[in-house]
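Below is a structure I'd like to ask you about.
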Amino acid sequence: MALRLGNNYIVFVATAAAPTVFSMIGGQQGGEFNDARGSIDGGHKTSGGVNLKLPANRDIAIDLSFVADLPDTGYSIVQTAYNSNLNVVVQIRDAGAASVVGDAVFTCLMGQFQRNISMPLNGVVSGQLRFEPAAAPTLELVID
Amino acid sequence: MSDLADAVHQAFFASLQAAVTRATVYTIVPDKTLPPVVVIAESSAEQVGGKNSDAERHDVAVRSILAGTSKRELHLLMEQVKGALHNRQLTLAGFWLSRVVMTSSDDSRDVDEGAVIGTQNFTVFVQRA
């Protein structure tokens with residue numbers, strides 16, 4: 001057994017038009033993978049006084065924070081896609097900046113639904129991005 | 001500290017040496033050196049880069065020391081220090097430095113030593129080019 005260091009988990013992106021050509025988004029700091037499954041109420045009069053829950057669809061979101069270390073190919077991909085309302089292929093890899101495709105633990109065609117940029121006095125420009133699925137994930141280890 | 005700290009000190013020293021005429025600029029003041037002197041004093045660094053980048057924020061104190069009791073002479077010297085660094089984009093081969101910002105300053109009198117002392121605090125971001 002070994003602990004997993006968050007620094008090694010890096011988000012890469014590719015355009016939907018070239019979904020196998022990935023670029024790292026530079027300057028990544030925090031990253032969050034959120035996955036919540038909805039439930040359908042299956043309780044009935046003879047379910048023993050228990051509200052039965054049936055699995056419904058999931059809400060998946062990747063939240064990413066970064067410092068602007070530009071120019072950066074990965075950020076250009078997400079910026080262009082966001083401005084043009086296009087999806088991107090998001091891949092999380094777990095072997096740091098030198099990760100290759102074989103290090104992927106999550107891959108999914110996703111839309112970009114939030115872009116916040118902070119420009120503080122005497123500080124570095126930073127940002128937050130949010131991605132949510134446009135299709136079911138094709139790889140879903142996340143951590144392994 | 002890292003070699004980025006050395007880069008910051010080199011860039012600060014070069015700019016101060018070129019602009020300050022009212023005192024001699026040092027990184028470490030030799031023993032028995034008389035004022036007026038400007039010295040690159042305490043500094044601290046903080047990692048601000050991402051998971052794949054090595055960028056640091058450096059906070060550097062520059063201290064001006066004059067013999068006597070004239071706050072006006074001290075302030076004129078500190079103005080030269082400010083002009084050498086504040087809002088200046090310093091350069092050093094192999095490194096990128098952000099625009100330097102003076103974040104605070106203060107002055108005081110050392111009665112025992114018969115000197116007036118000014119401290120100016122600067123912030124700069126640095127990474128390898």
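Naming: A, B, ... by sequence-line order, numbering from 1 per chain.
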Legend entry - Cluster link B:Y26 to B:L66, ILVMFWY, side chain under 4.5 Å: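 The answer is no; the residues belong to distinct hydrophobic clusters.
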Inset, instruction - Using the rule that two of Ile, Leu, Val, Met, Phe, Trp, Tyr join whenever any of their side-chain heavy atoms come within less than 4.5 Å, decide whether B:W96 and B:V126 are in one cluster. - result: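 Different hydrophobic clusters.
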Legend entry - Same apolar cluster (I L V M F W Y, side chains within < 4.5 Å links), B:F13/B:V60: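 They do share one cluster, since a chain of ILVMFWY contacts under 4.5 Å joins B:F13 to B:V60.
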Inset, instruction - Mind checking side-chain hydrogen bond (donor to acceptor under 3.5 Å, both in side chains) for B:S104 and listing every partner two or more places apart, or none if nothing turns up? - result: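 Partners of B:S104 under the side-chain hydrogen bond (donor to acceptor under 3.5 Å, both in side chains) test: B:N121.
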Legend entry - Interface residues of residues 3-19 of chain A facing chain B - heavy atom cut-off under 4.5 Å: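 A:G6, A:N7, A:Y9, A:I10, listed by number.
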Legend entry - Closest non-hydrogen atom pair between A:Q29 and B:K51, with its separation: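 So the two residues come closest at O-CE, 2.7 Å.
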Legend entry - Region of B:R57 in contact with chain A, defined by heavy-atom distances below 4.5 Å: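 Side chain of B:R57 only, per the 4.5 Å heavy-atom cut-off to chain A.
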Inset, instruction - Work out which heavy atom in A:G27 is nearest to a heavy atom in B:S53; give both atom names and the distance. - result: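 Looking at all heavy atoms of both residues, the closest pair is CA-OG, 4.2 Å.
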Legend entry - A:Q114 atom CD: more than 12 heavy-atom contacts under 6.0 Å: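 Enclosed.
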Inset, instruction - Report whether B:I65 and B:L16 are members of the same hydrophobic cluster (ILVMFWY, side-chain heavy atoms less than 4.5 Å apart, transitive linking). - result: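 Each belongs to a different hydrophobic cluster.
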Legend entry - Joint hydrophobic cluster, A:L109 plus A:F22, side-chain heavy atoms closer than 4.5 Å: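 Linked within one cluster.
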Inset, instruction - Can you check whether anything in residues 49-84 of chain A gets within less than 4.5 Å of chain B, heavy-atom wise, and list it by number? - result: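 Under the 4.5 Å heavy-atom cut-off, A:V67, A:D69 qualify.
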Legend entry - chain B neighbours within residues 115-136 of chain A, where any heavy atom lies under 4.5 Å away: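 Residues of residues 115-136 of chain A touching chain B at under 4.5 Å: A:N122, A:G123, A:V124.
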Legend entry - Spatial distance of atom CE (A:M24) from atom CG (B:N52) [nearest 0.5 Å]: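 Nearest 0.5 Å value for the CE-CG distance: 3.5 Å.
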